[in-house]
Visitor: 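Got a structure for you, questions after.
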Amino acid sequence: MTPDPHLWLEDVQGEAALAWVRERNAQARQALEALPDFGAMRTRIRAVLDSRDRIPTVARRGEWLYNFWQDADNPRGLWRRTSLEQYRSHDPQWDTLLDVDALGSAEGENWVFAGAAVLRPLDERCLLKLSRGGADAAVVREFDLTTRRFVPDGFMLPEAKSDIDWLDRDTVLVGTDFGPGSLTHSGYPRVVKRWRRGEALAQASTVFEGEPQDVSAWFSIDLTPGFERTLVGRALDFYRTSVARWLGGGVVAIHKPEDARISFWREHLLIELRSDWTIGAITHPRGCLLVGDAAAYEAGARELTRLFEPTPTRSLAGYTTTRSHVVLDILDNVASRLEEWHVEGGRWQRREIRAPFPGTIGVAALHDPMLADDALAENYWLSYSDFLTPDSLMLAATGSDAQQTIKSRTRFFDATGMRVEQQFATSKDGTRVPYFVVWPAGAKADGRNPTLLYGYGGFEVSQQPWYSGTFGTAWYERGGVLVVANIRGGGEFGPAWHQAAVLQHKQRSYDDFIAVAEDVIARGITSARHLGMQGGSNGGLLVAAVMLQRPELFNAVVCSVPLLDMRRYHKLLAGASWMAEYGNPDDPDQWAWIARYSPYHNVRADQELPRVLFTTSTRDDRVHPGHARKMAARLLEQGHDLLYYENIEGGHGGAADNAQRADILALEFSFLWQQLKT
């Protein structure tokens, strides 16, 4: 194979590579900042992102609801908490635990909050994760929630992709970079250790080990009184795991299909199937959710009840558990429905829940299993939104359809006269592919509407309706149409929809996306002159592959934090963890079908391509910025027109704070409008 002339651009912090980045950045900013309304658009987007009318997302721990908040006054954010009583009020009083801006200023670091593990049930300490610039790798420092200070000589880990959680006040389980051989080929922990307070990390005792070719070794700690369990396991690839119980002196395997996901819930065990599972004379189809007695299952019994069974149009989007109920979030033709299950008279009973429809619902239990007498044991959060309806957060309870609205998001744009419709395109192999069309007020199917086609199509991730003040102010209000494609590779219709477009069948994702583009043109929603597409990460791979396969369908492409060099993706950062999705390019048979769509290997000088804007981040330690750098370099050397912008911070999300987010979004929307406007 011909040597890669752009390999030097994979040197993330290399002087020559960063000089190339700075030159490209300057060109992009000069071109896009000069466009009409760029500055005003950035200001409007920043106002949306910083709005204090957003719903603070909370997680309950005991009497407290914890939240991380960013706004104009706190760009890096506040980690804070409040009571449920306060949270119900219009203007809650928050108890600030950590000011990330103040900490970064005091320590001379560009800290980004990356989460915290609170010590239960005392709730007086936490293991705080801080990332430099938004990378996945983070430092860990023990923090006292009473004094609001870091604990001297407390638990502390240097920068790494670490997992850590409490066993008790003086003991944690930890997976991190312990030195040579302790990480998998994907760069995640391979070894789990028990670490006691006062003990050097090097002296921590090994609990469990995975293999170098695994994605990671993992653990899960459940401290529910009477049901305490610690699980350890191997992520064999992105979809398959092995699991065992750690009993202090050793581990005992829990048998299951490798690609099934299991979770313990008090005396029960829940199992999600990604492939058919035959037990005796019974076959449970993929996409099912099963429940059984945990102790009996571990002892070898396989008496399981189906709480959910998929149909061609219905799939399980998720579930949550209260003390005695399972609440299911079900996708019905990409719209959410809810139902609940509980045991009555020794049998599982089902009840449909009347909830808002046909948008996107989220459910999250409020129950704290550490509390023996929890007044909220049967309550759960219910959130709802759709393309034209702002998010609302409701308090619900099992056994009832009553839903009390606690918070509602501000309407960031006027939806009067707007409409949403669901259409279906026919893919190359005859598969019906759904997609949503969000029409601005007054728009007609005259082929002249600036239209953005968005997709992802990977890793069983569904594209459900969402409310976006950013799209409203930067796109809909200017007359732009949004099309969201529900292509194979996603999870809209369960595991089968995803598995239809992986490995040697990955091209089906691109065929589906192309079919949607052709359909919106055929319906007169837009024309190729006014059609653009956007995707990030796996979606960046999607739009780049489609750009090269069907360039005549589009006039603009926004390709964000993308995978593009599929010959080397598995050698870059976390890339090896995705081989179950794409395949192994070192295997000649697999490379034969990967090579047919790998964007970096399919660029030709004789093609007329739509103009493309690449955006990525130097601090993205998940998808290597070298993908976007090298693709841009190859396109440029062959005479293609493009813009490239690389944010120095931001991680895989592309931005570390709202100012950076607003800036990048303004660059992207300005580019799209300039290319697609009538």
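Since this is a predicted model, take the numbers as computed values, not measurements.
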Visitor: Looking at every non-hydrogen atom in both residues, tell me the closest pair between L331 and A317 and how far apart they are.
Guide: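 Taking L331 first and A317 second, the nearest heavy atoms are CG-CB, 3.9 Å.
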Visitor: Are W593 and K506 side-chain neighbours, meaning at least one heavy-atom pair lies under 4.5 Å?
Guide: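 No. Closest side-chain heavy atoms not under 4.5 Å.
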Visitor: So do H627 and Y600 actually touch side chain to side chain, heavy atoms under 4.5 Å?
Guide: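 The answer is no; the side chains never approach within 4.5 Å.
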Visitor: As an exercise, state the distance from CD1 of I361 to CD1 of I330, rounded to the nearest 0.5 Å.
Guide: 10.5 Å
Visitor: What distance do K161 atom NZ and Y188 atom OH have between them, rounded to the nearest 0.5 Å?
Guide: 4.0 Å
Visitor: Is it true that the side chains of Q464 and W466 contain a donor and an acceptor less than 3.5 Å apart?
Guide: no
Visitor: Scan side-chain atoms only and decide if R274 and H498 contain a donor-acceptor pair under the 3.5 Å cut-off.
Guide: yes
Visitor: So is R622 actually on top of W578's ring, under 6.0 Å and inside 45° of the axis?
Guide: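 No - R622 does not lie over the ring of W578 by the 6.0 Å and 45° rule.
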Visitor: Given Y467, which partner from the list F413, Y384, F387 fulfils the ring pair (Phe, Tyr, Trp, His ring centres under 6.0 Å) test?
Guide: F413
Visitor: Indicate whether the side chain of T313 and that of N333 have a donor and an acceptor atom separated by less than 3.5 Å.
Guide: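 No - no donor-acceptor pair under 3.5 Å links their side chains.
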Visitor: Taking all non-hydrogen atoms of both residues, which atom of R432 and which atom of W497 are closest, and how far apart?
Guide: O-CH2, 3.5 Å
Visitor: May I ask you to say whether D53 pairs ionically with R409, meaning some side-chain N is under 4.0 Å from a carboxylate O?
Guide: no
Visitor: Return yes when atom CZ of R354 has more than 12 non-hydrogen atoms of other residues, nucleotides or ligands closer than 6.0 Å, and no otherwise.
Guide: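 Not buried by this count: 12 neighbours or fewer within 6.0 Å.
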Visitor: Consider salt bridge (charged side-chain N to carboxylate O under 4.0 Å, His left out). Of R44, K677, R42, which one does D37 pass it with?
Guide: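 Running salt bridge (charged side-chain N to carboxylate O under 4.0 Å, His left out) over R44, K677, R42 with D37 returns exactly one hit, R44.
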Visitor: Please check if the number of heavy atoms outside Q607 that lie under 6.0 Å from its CD is greater than 12.
Guide: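 More than 12 heavy atoms, drawn from other residues, nucleotides or ligands, come within 6.0 Å of this atom.
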Visitor: Quick one: does L635's side chain get under 4.5 Å of L609's, heavy atoms only?
Guide: yes
Visitor: Report yes if some heavy atom in the side chain of R508 is under 4.5 Å from a heavy atom in the side chain of T431; otherwise report no.
Guide: no
Visitor: Is the distance between the ring centroids of Y435 and F513 less than 6.0 Å?
Guide: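 No, they do not, as the ring centres are separated by 6.0 Å or more.
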Visitor: What is the minimum heavy-atom distance between G494 and S315, and which atoms define it?
Guide: N-CB, 3.3 Å
Visitor: Could you note down all residue pairs passing side chain to side chain donor-acceptor pair (under 3.5 Å) where residues 474-486 supplies at least one of them, sequence neighbours left out?
Guide: N486-E492
Visitor: Please round to the nearest 0.5 Å and tell me the distance separating atom CD1 of I353 and atom CG of D401.
Guide: 7.0 Å
Visitor: Between the side chains of N449 and T451, is a donor N or O closer than 3.5 angstrom to an acceptor N or O?
Guide: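 Checked: N449/T451 side chains show no N/O donor-acceptor pair below 3.5 Å.
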Visitor: Could you report the tightest heavy-atom contact between M579 and L503, atom names first, then the distance?
Guide: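 For M579 versus L503, the nearest heavy atoms are O-CD2, 3.6 Å.
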Visitor: Can you confirm whether more than 12 heavy atoms, excluding those of R550, are under 6.0 Å from its CZ atom?
Guide: yes
Visitor: When you compare the side chain of C288 with that of P310, does any pair of heavy atoms fall below 4.5 Å?
Guide: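 Yes, side chains in contact.
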Visitor: Is the closest side-chain donor-acceptor distance between S509 and Y597 under 3.5 Å?
Guide: no
Visitor: CD1/I594 to NE2/H601 distance, rounded to the nearest 0.5 angstrom?
Guide: 10.5 Å
Visitor: Any heavy-atom pair between the side chains of V420 and D386 that's under 4.5 Å?
Guide: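 No, their side chains stay 4.5 Å or more apart.
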Visitor: Can the positive tip of R337 be found less than 6.0 Å from the middle of the six-membered ring of F357, inside 45° of the ring normal?
Guide: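 Yes, a cation-pi geometry.
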Visitor: What's the separation between atom CG in L338 and atom CD in Q403, rounded to the nearest 0.5 Å?
Guide: 7.5 Å
Visitor: Just so I know, are the side chains of P450 and T526 near enough to count as touching, which here means a heavy-atom distance under 4.5 Å?
Guide: no
Visitor: Hey, what do you get for CG (L395) to CG (L366), rounding to the nearest 0.5 Å?
Guide: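 Answer for the CG-CG pair, L395 versus L366, is 6.0 Å.
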Visitor: Show the nearest heavy-atom pair for residues V48 and T470, with the distance to one decimal.
Guide: CG1-N, 4.0 Å
Visitor: Begin with the C-alpha distance, continue with both residues' side-chain angles, and end with the deciding distance and a verdict on side-chain hydrogen bond (donor to acceptor under 3.5 Å, both in side chains) for Q590 and Y582.
Guide: CA-CA 9 Å; Q590 297 186 36; Y582 304 117; over 6 Å; no
Visitor: Using only heavy-atom distances, determine whether the side chains of R596 and Q507 contain a donor-acceptor pair under 3.5 Å.
Guide: no
Visitor: Measuring only between side-chain heavy atoms, which start at C-beta, is F459 closer than 4.5 Å to S537?
Guide: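 No, every pair of side-chain atoms sits at 4.5 Å or beyond.
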